[in-house]
Trainee: 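Pasting in a structure now, in structure tokens, and then I'll have a few things to ask.
Computed from a predicted structure; not experimentally measured. Excluded from the calculations below are hydrogen atoms, water molecules and symmetry mates; all remaining heavy atoms, backbone and side chain alike, are included.
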Amino acid sequence: MSADSDAGDADASESRETGGSLPGEYDPEAVEPEWQDRWVEAGTYEYDAEPGVDSNLVYSIDTPPPTVSGSLHMGHLYAHTLQDFAARYHRMAREHTFFPFGYDDNGIASERLTEKELGIRHQDYTRREFQEKCREVCQEYEAEFTEQMQSLAMSIDWTKTYKTIEPRVQRISQLSFIDLYEQGREYRQRAPTIWCPDCETAISQVEQEDADKHTKFNDIHFDLVETGEGPADEDATFTISTTRPELLPACVSVFVHPDDEDNAHLVGGTARVPIFGQEVPIIEDDRVDLETGSGIVMCCTFGDQTDIEWYQAHDLPLRIAIDESGTMTDLAGDYEGMSTEEAREAIIEDLDDAGALVESRDHDHTVQVHERCETEVEYLVTEQWYVEMLDRTDEYLAAGEQMEWYPEKMFTRYQHWIEGLEWDWCISRQRDSGIPIPVWYCDDCGETVVAEKADLPVDPLADEPPVDACPECGGSDFRPEEDVFDTWATSSLTPLINAGWDWDAESEEFTMERPELYQFDLRPQGHDIISFWLFHTVVKCYEHTGEVPFESVMINGHVLDENREKMSSSKGNVVLPEEVMDQYPVDAIRFWSASASVGDDFPYKEGDLEAGERLLQKLWNASRLIDQLTPEPDAVEEPADEDLAAVDRWMLAELDDAVASLTDQFEDHEYSKARNELRSFFWNSFCDDYLEIAKQRLDDADGGADARSTEYALLTAHRTFLKLFAPFLPHVTEEIWHRLYADGDAGAESAEGLDSIHTTDWPKTRGYEADLAAGETAMEVIAALRRYKTDNGLALNADLDRVQVYGTIAGFEDAVAEAMHVAELETLDEAPEVTTEVTGVDLDYSLVGPEYGSEVGDIDAAIEAGDFEEVDGRLHVAGVELDSEMYEIEEERTYSGDGEMIETESAVLIVG
């Protein structure tokens with residue numbers, strides 16, 4: 001939707017500034033961008049709590065910093081809008097709401113974006129040169145992202161924006177490292193590492209994902225040199241099945257399962273690896289999968305996690321055949337310099353030529369790939385920094401149990417991730433764009449020297465170590481650490497970043513600038529990063545503070561395309577918000593965002609946007625009518641209870657009921673339920689029923705108590721509806737509020753800032769009591785009589801001589817009679833005599849057909865002839881008995897008395 005305005009828009013803007021009644025049509029194209037700008041200019045959403053504020057008065061949200069790697073799509077919009085619902089509701093329900101924004105702009109994602117955007121390779125630049133290019137590219141994307149978020153009316157405090165590469169955050173990230181190091185929770189080790197050959201860096205277990213891959217399963221003969229009982233026959237062989245023959249030069253052993261009786265004689269012997277010739281021991285181990293291949297497996301350093309376990313458990317030698325770029329090493333002999341794929345094909349050919357290839361067959365299997373680039377990972381021996389986690393998984397699980405989960409079922413994903421952990425957290429990366437690890441190493445003895453907390457942030461490549469001599473050996477030469485942190489090592493600190501965590505050198509303690517924020521009330525995020533972001537945040541914050549970082553977690557689902565697949569920029573199946581905003585108001589898009597239960601994936605449907613657009617106009621039209629029917633709000637006082645008309649008290653009591661229900665739903669993040677209940681109550685009960693009654697009452701009333709009662713109820717309900725709708729529909733509710741209810745000039749800002757509906761108090765129940773069921777039945781009766789008049793060509797204010805009602809409308813008889821101009825309204829104690837006649841049977845042929853086949857024709861004929869009977873919930877017809885789900889009895893109800901009968905859900909009416 002364009003933000004440009006013509007003369008007509010300018011007139012509308014001037015009208016908004018000076019107040020006045022509402023125009024005939026709501027113009028979101030002019031209204032929405034104007035309010036977005038004014039909210040920012042006035043600081044409407046800025047966190048303004050004084051130091052020392054009671055934390056119970058603050059609602060703090062730890063918002064996810066999006067990775068700077070591309071543009072928004074409707075999935076992003078949906079997730080951020082859910083967060084905004086929580087922020088807007090709590091801003092009204094509490095004194096203060098902290099709703100910041102951050103950008104995750106360090107790490108592999110930002111590097112790859114820069115390389116793609118500029119058409120360069122990071123290897124062609126110095127680290128500092130490439131970092132500068134990353135900053136420039138990220139700043140452009142961040143500015144665009146900020147503009148997009150603002151156009152979606154996110155009530156973010158932009159003064160609290162942070163970037164994960166900025167100096168303040170670098171300091172916090174390095175403080176975290178030093179604190180964990182001093183606690184003994186970090187270690188550096190040369191060990192098998194999960195490695196991405198494309199990104200040329202170590203990655204953590206959480207950065208892997210499954211990918212289906214087509215390959216070849218190869219049965220290969222190994223020469224048996226010796227069995228467990230002695231030398232083998234000269235031509236003795238056994239078969240190994242593998243999808244990765246390129247690992248043959250790295251083979252260090254062969255394994256047999258202890259229960260494999262057929263191959264038990266091999267254990268203790270040796271075998272010769274084909275082509276490469278090294279002799280390897282044959283060992284037994286119960287981790288062998290007897291169901292795959294021949295049941296005999298080779299162990300290579302390294303093909304997978306089991307290889308690593310065998311290497312460590314059996315003290316096997318290390319043979320490195322693949323380097324950091326996924327290229328074969330000199331250990332591979334003739335295959336040196338080939339990629340793993342090239343080596344695989346060449347080795348299979350040479351095995352075949354050598355007579356060692358028994359069979360090569362097609363095979364589909366699941367492999368582990370790096371989630372950033374979808375490259376199959378390798379397992380290399382490298383030196384990396386780790387956070388120790390495996391020894392405290394029970395504590396991290398217990399920490400997760402302390403938080404409220406919305407929806408509750410998402411806790412199982414957190415639990416399953418922890419239960420499946422096999423590695424400590426590798427936090428070092430061999431990249432250029434990232435936060436430096438603040439250590440140096442003694443050239444003489446390798447001692448680790450850690451930066452001083454007061455000096456942070458530091459860059460070991462540019463800064464000197466904090467000591468002149470090694471504290472271990474006295475050496476004076478130091479080697480700087482070249483690695484940087486994994487981006488998750490920093491983004492996992494967002495609660496501490498937002499709370500202003502720091503080290504105070506004077507007191508030698510960690511402090512928080514805004515301690516009232518911690519623990520954060522809410523962590524909102526997607527279910528796909530529970531293992532990435534949520535788990536690592538719990539680990540880091542728990543280790544630093546001894547507390548879980550959040551009181552509750554809200555997990556959103558994904559927006560799906562028409563084929564019910566997750567929207568993803570890489571798949572090309574995204575719908576861009578700017579395209580949707582060209583066609584629909586932002587408020588309509590936000591209303592769509594509340595259409596699914598939190599945690600559920602749901603498809604993008606344009607029809608939901610149209611429904612939201614219709615609601616905006618309905619709210620606008622109802623507001624115009626209320627403005628026309630009522631005097632200035634300040635001139636209307638609350639009537640004494642005895643002066644409230646029954647129908648007005650009923651509406652206010654219904655409103656109390658709705659406020660209580662909607663408040664609970666907002667507290668529980670049940671936005672879909674809240675949206676649907678609010679829309680139904682407003683559209684049906686208020687607009688279609690009560691507002692029509694109120695209009696009729698005010699048209700007929702000549703001032704007096706009845707008019708004052710209705711005016712008060714109308715204005716009270718209207719203001720309440722605007723507040724209830726405000727989290728969903730911020731623009732239209734603000735526009736109406738400012739035109740009709742804002743203090744002073746409708747468009748003016750006070751000394752304290754903009755008089756915004758979004759900083760007013762959330763509605764509270766007022767304690768009105770009424771017979772809600774009787775009132776609802778009365779509304780049904782009025783709606784039925786309105787339809788009767790319309791169907792019979794009568795004006796809505798046409799008189800009806802006599803109406804009889806069977807149904808509970810006690811206390812609302814006068815309201816029904818007045819609203820529908822009924823001269824005589826009588827309530828009946830007994831139902832009118834109605835004749836019910838069975839007219840047929842509606843069969844569910846999808847159930848009847850498969851069950852009875854050729855007998856269906858006879859069943860149809862018997863029903864047509866009326867030859868059927870229902871007994872104990874089963875239909876006896878044509879010699880068979882149909883279950884109740886297979887049919888529905890069709891009935892016709894007729895009234896033989898005077899007048900015309902009308903039936904509603906809760907009442908029967910006789911008109912005339």
Side-chain angles (χ1 to χ4, degrees), residues 62-70 100-118 120-123 125-146 160-178 180 196 199-204 206-207 370-373 384-385 387 425-439 451 456-463 480-498 501 529 532-533 536-537 540:
D62 182 45
T63 52
T67 301
V68 183
S69 59
F101 199 73
Y103 288 109
D104 192 7
D105 52 6
N106 83 86
I108 293 174
S110 299
E111 287 195 16
R112 297 185 74 89
L113 174 66
T114 301
E115 290 175 321
K116 178 182 177 182
E117 188 78 6
L118 302 181
I120 61 175
R121 298 170 69 249
H122 73 93
Q123 296 93 331
Y125 297 85
T126 67
R127 173 178 285 190
R128 190 169 296 279
E129 287 173 340
F130 185 69
Q131 286 176 345
E132 288 300 318
K133 292 185 180 298
C134 287
R135 299 291 78 74
E136 292 170 6
V137 170
C138 286
Q139 284 173 5
E140 293 177 7
Y141 272 85
E142 287 161 7
E144 180 181 339
F145 206 107
T146 297
K160 301 298 187 293
T161 301
Y162 64 91
K163 300 177 182 180
T164 57
I165 201 64
E166 69 182 54
R168 180 180 72 91
V169 176
Q170 288 197 36
R171 174 176 171 80
I172 292 173
S173 186
Q174 291 181 341
L175 274 174
S176 168
F177 174 86
I178 293 173
L180 294 180
C196 174
C199 298
E200 295 189 38
T201 183
I203 63 173
S204 62
V206 73
E207 293 171 274
H370 184 195
E371 56 89 25
R372 291 290 187 194
C373 62
Q384 305 291 340
W385 279 98
V387 174
W425 181 9
C426 176
I427 59 169
S428 50
R429 295 292 181 269
Q430 293 66 52
R431 300 296 291 187
D432 289 330
S433 180
I435 297 176
I437 298 177
V439 299
L456 303 179
V458 299
D459 182 354
L461 292 179
D463 299 326
E481 172 63 82
E482 297 183 4
D483 289 353
V484 297
F485 289 129
D486 163 27
T487 187
W488 294 103
T490 300
S491 57
S492 61
L493 295 166
T494 53
L496 301 179
I497 292 169
N498 285 315
W501 187 67
I529 55 172
F532 281 84
W533 193 37
H536 286 149
T537 306
K540 278 285 193 92

Trainee: Given the rule in the side chain to side chain contact (heavy atoms under 4.5 Å, CB included) test, do Y162 and N498 qualify, once you have shown the distances and angles that lead to the verdict?
Mentor: CA-CA 8 Å; Y162 64 91; N498 285 315; 3.4 Å; yes

Trainee: Could you tell me if the side chain of Y125 sits less than 4.5 Å from the side chain of Q131, heavy atoms only?
Mentor: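 A side-chain contact under 4.5 Å is absent here.
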
Trainee: By the salt bridge (charged side-chain N to carboxylate O under 4.0 Å, His left out) test, which pairs, at least two apart or in different chains, include something from residues 128-143?
Mentor: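 As it turns out, the salt bridge (charged side-chain N to carboxylate O under 4.0 Å, His left out) pairs with a partner in residues 128-143, which skip direct neighbours, are R128-D459, E142-K163.
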
Trainee: Determine yes or no for a side-chain-to-main-chain donor-acceptor pair under 3.5 angstrom, with T114 supplying the side chain and S110 the backbone.
Mentor: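 Looks like yes, one N/O pair under 3.5 Å.
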
Trainee: Is any side-chain heavy atom of F145 closer than 4.5 Å to one of C138?
Mentor: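 No. Closest side-chain heavy atoms not under 4.5 Å.
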
Trainee: When the ring planes of F177 and W385 are compared, do they come out parallel, tilted or perpendicular, using 30° and 60° as the limits?
Mentor: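 Geometry flag for W385 against F177: perpendicular rings.
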
Trainee: Among residues at least two apart in sequence or on other chains, which ones pass side-chain contact (heavy atoms from CB on, under 4.5 Å) with V484?
Mentor: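 In terms of side-chain contact (heavy atoms from CB on, under 4.5 Å), with neighbours along the sequence ignored, V484 is linked to R127, R429, R431.
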
Trainee: Just wondering, do I435 and P457 contact through their side chains at under 4.5 Å, heavy atoms?
Mentor: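 Not in contact.
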
Trainee: Would a 4.5 Å heavy-atom cut-off, applied to side chains only, mark P436 and E481 as touching?
Mentor: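 In short, these two side chains do not touch, never coming nearer than 4.5 Å.
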
Trainee: Kindly indicate whether the side chain of I165, heavy atoms from C-beta on, has any atom under 4.5 Å from the side chain of Q170.
Mentor: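 I165 vs Q170: side chains touch.
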
Trainee: Assess the side chains of T164 and D105: does a donor N or O sit below 3.5 Å from an acceptor N or O?
Mentor: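 Result is yes, a qualifying pair exists.
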
Trainee: Pick from D104, T63, D62: which one makes a side chain to side chain donor-acceptor pair (under 3.5 Å) with T494?
Mentor: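 Result: among D104, T63, D62, D62 is the only option passing the side chain to side chain donor-acceptor pair (under 3.5 Å) with T494.
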
Trainee: For the residue pair I437 and P460, what are the closest heavy atoms and their distance?
Mentor: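 Nearest pair, atom of I437 first, then P460: O-CG, 3.2 Å.
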
Trainee: Measuring only between side-chain heavy atoms, which start at C-beta, is P66 closer than 4.5 Å to F101?
Mentor: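 P66 vs F101: side chains touch.
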
